[in-house]
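Okay, structure first, notes after.
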Amino acid sequence: MTFDSTIFLFAFLPVSIILYYVTPAKFKNLMLVLISVLFYAWGGLFHTGILLLSVVWNYMGGKLLNKNRKRKKRARNIMAVTVGADVVLLAVCRYTGQVLEMWGSNLADTRYVLAPMGVSFFMLQNIAYIIDIYREDIRPQKDIVKYAVMIVMYPKIIAGPLVSGSEFEKQIDERKLSIGKISDGLLLFLRGLSKKVILGEGMRMIFETVQALPAGRMSVLGAWLGCISFAFQIFFSFGGYCDMAAGLARMFGFELPENVNYPFLSTGIMDFWSRWMSTLWKWFCSYVYLPLCGGNPGGTMGFLSLLASWLLIGFWHGMNLTFIFWGIYFAVLLYLEGFVIGQRFLNLPKMVRWFFTMILLMVSWVFFFSESVGGAFSYLRFMLAGGGGGFAGGGAFSILIDYGVLWVLALLFSTPLAHRAYEKFVSGGKPWQTVLNSVVYGVLFILCIAGIISGAGEGSMIYF
């Protein structure tokens with residue numbers, strides 16, 4: 001079940017909200033766990049078993065670790081065994097199917113049997129919990145139901161964001177419920193749904209149109225349009241998901257950290273990773289990079305630590321060599337920007353920094369969507385010199401003009417300007433403003449439903 005499915009929108013979501021709000025306060029955590037497990041079980045009981053096994057294993061590991069916290073060697077061994085088992089389970093679930101596919105096995109067709117939805121995210125959440133207890137940053141949860149809420153709460157289980165144990169634990173105990181939060185959460189959810197179904201899927205159509213062009217017809221403009229459309233697709237698809245997740249969480253009284261914050265406004269690679277999947281980079285920074293570099297981020301050990309971290313991030317995305325190259329690429333860029341060029345880059349005019357950042361990001365997306373490193377370099381060659389279509393031949397202008405409205409909308413909503421202007425326009429509290437706002441969101445919802453029924457969004461989730 002996904003957030004942009006009719007079964008979720010018209011059945012699961014309203015029923016889960018009603019059940020949650022009519023449940024007495026002392027049982028709300030249990031109800032949230034039950035409806036989240038039901039949501040997850042829609043994808044298969046075997047996957048649900050893996051999820052619940054991970055919850056019980058890490059809950060027990062946390063308690064045992066805390067009991068032995070004064071025995072440093074034993075505590076370290078318990079932490080290593082618990083986290084090691086988590087890593088093995090993640091690797092088996094995430095990569096078994098990819099290994100079978102690489103070997104050409106007929107079993108590769110069943111690769112998703114061992115790949116529970118969201119396993120890449122909820123296992124990182126489990127690992128962080130154990131390490132935080134070992135570091136004595138948090139105390140283990142005494143109540144397994146509260147711990148289960150931290151891991152299985154359905155708004156964030158599919159693709160994050162990753163939330164620190166201390167931050168989420170506080171919200172479990174202190175969250176406030178109100179009609180206002182439901183209203184705000186619903187509007188945020190609808191904005192995210194619109195981004196994903198209307199703009200994300202529109203950009204996907206453009207990208208697939210460019211990808212279908214034979215090399216002999218590919219032009220420089222066409223190649224750039226393909227790359228930019230993919231960048232917009234992943235932004236609106238994943239960014240829309242993050243808005244939907246945050247909106248759903250708000251309906252249940254929780255506030256999730258911002259995970260995507262207009263990355264196309266970035267004026268540096270560091271700035272980009274503070275805006276794009278920021279909780280993922282924070283996780284690897286806290287649990288891999290900083291421990292490895294030992295407080296010396298600028299030296300040789302710092303570079304090797306950064307390289308190791310980004311190799312793992314690339315591997316986390318997939319076993320394909322393109323993701324490994326993608327990770328190395330960002331490790332080198334971050335090190336150059338942070339420790340080699342440094343202040344000289346910051347002294348450049350903001351527009352110059354933005355321009356170079358966007359060029360470097362477009363190169364990175366080529367490796368992200370290409371099936372091989374060789375294919376990525378071939379596509380980069382098309383972006384520089386074309387593949388037979390010259391500078392703007394091969395139907396590039398048709399792609400630009402035929403999808404003109406989508407391009408304009410994508411440009412507008414890739415920045416906060418359009419949304420801020422609209423919010424200011426309808427924020428006066430006058431009756432006509434309230435009616436207008438309701439009509440706008442109602443129309444967006446109808447357009448989304450039409451898109452979902454027509455098949456938009458099927459199989460388009462890039463992260464899982």
Side-chain angles (χ1 to χ4, degrees), residues 1-5 8-9 12-13 36-37 39-44 47-48 50-51 54-55 90 93-95 97 112 115-128 149-164 167-168 185 188-189 191-197 199-201 203-204 230-252 254-261 263 273 275-284 312-318 323 326 365 368-369 452 457-464:
M1 190 187 309
T2 59
F3 297 159
D4 56 347
S5 62
F8 177 81
L9 293 170
F12 188 87
L13 176 57
S36 296
V37 170
F39 170 85
Y40 200 81
W42 195 267
H47 292 176
T48 308
I50 293 175
L51 171 65
S54 77
V55 170
L90 172 59
C93 291
R94 187 73 169 86
Y95 304 114
Y112 295 114
M117 183 70 78
V119 65
S120 300
F121 289 90
F122 69 73
M123 290 308 297
L124 292 188
Q125 200 80 67
N126 280 319
I127 291 169
V149 171
M150 292 170 59
I151 303 302
V152 310
M153 190 178 81
Y154 80 78
K156 71 181 185 68
I157 197 171
I158 296 179
L162 300 169
V163 188
S164 68
E167 179 183 350
F168 205 76
L188 182 55
F189 177 85
R191 288 200 296 272
L193 184 67
S194 302
K195 283 182 182 179
K196 185 178 186 304
V197 175
L199 296 176
E201 291 309 306
M203 288 295 113
R204 180 179 64 84
F230 178 82
F232 278 140
Q233 178 201 342
I234 199 172
F235 165 65
F236 288 116
S237 178
F238 186 71
Y241 162 81
C242 289
D243 285 348
M244 287 189 280
L248 289 170
R250 193 170 295 176
M251 294 182 211
F252 291 107
F254 294 88
E255 294 293 333
L256 296 181
E258 192 169 47
N259 205 21
V260 175
N261 180 27
W273 283 106
R275 294 170 175 271
W276 175 254
M277 291 193 75
S278 58
T279 61
L280 179 68
W281 170 232
K282 286 177 183 176
W283 192 99
F284 277 92
L312 286 175
I313 293 174
F315 190 66
W316 179 87
H317 281 85
F323 292 124
W326 178 85
W365 291 129
F368 203 90
F369 66 68
I452 292 168
E458 293 182 1
S460 64
M461 267 304 287
I462 294 173
Y463 295 107
F464 67 94

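Considering every non-hydrogen atom in both Cys242 and Val260, the closest pair reads SG-CG2, 3.9 Å. Across Trp283 and Leu162, no two heavy atoms sit closer than the pair CB-CD1, 3.8 Å. Here the closest non-hydrogen pair linking Glu201 and Val197 is CB-O, 3.1 Å. The minimum heavy-atom distance between Pro155 and Ala245, with the atom names listed, is O-CB, 3.0 Å. Among all heavy-atom pairs drawn from Ser54 and Met123, the shortest one is CB-SD, 3.8 Å.
Lys196 forms no cation-pi arrangement with Phe3, by the criterion of a distance under 6.0 Å to the ring centre and an angle within 45° of the ring axis.
For Arg275, the salt bridge (Lys or Arg N to Asp or Glu O under 4.0 Å) partners at least two apart in sequence or on another chain are Asp271.
Between atom CD of residue Gln233 and atom CG of residue Leu199 there is a gap of 12.0 Å, rounded to the nearest 0.5 Å.
Using a 30° and 60° split on the angle between ring planes, Phe235 and Trp276 fall in the tilted class, from 30° to 60°. Relative orientation of the Phe230 and Phe368 rings is tilted, given thresholds of 30° and 60° on the angle between their planes. Ring geometry for Phe12 versus Phe39: interplanar angle of 30 to 60°, hence tilted.
For Trp281 and Phe284, the ring centers sit 6.0 Å or farther from each other. Here the two rings, on Trp316 and Phe121, have centers that are under 6.0 Å apart.
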task = Step by step, work out the side chain to side chain contact (heavy atoms under 4.5 Å, CB included) result for Met277 and Phe238.
result = CA-CA 9 Å; Met277 291 193 75; Phe238 186 71; 3.5 Å; yes
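With contacts defined as side-chain heavy-atom distances shorter than 4.5 Å, the pair Trp273/Ile313 does not qualify. Looking only at side-chain heavy atoms (C-beta outward), Leu256 and Val163 come within less than 4.5 Å of each other. Residues Met153 and Leu248 are not in side-chain contact: their nearest non-hydrogen atoms beyond the backbone lie 4.5 Å or more apart.
Judged by distance alone, the side chain of Asn259 and the main-chain N or O of Ser278 form a donor-acceptor pair under 3.5 Å. A donor-acceptor pair under 3.5 Å is formed between the side chain of Lys156 and the backbone N or O of Met150.
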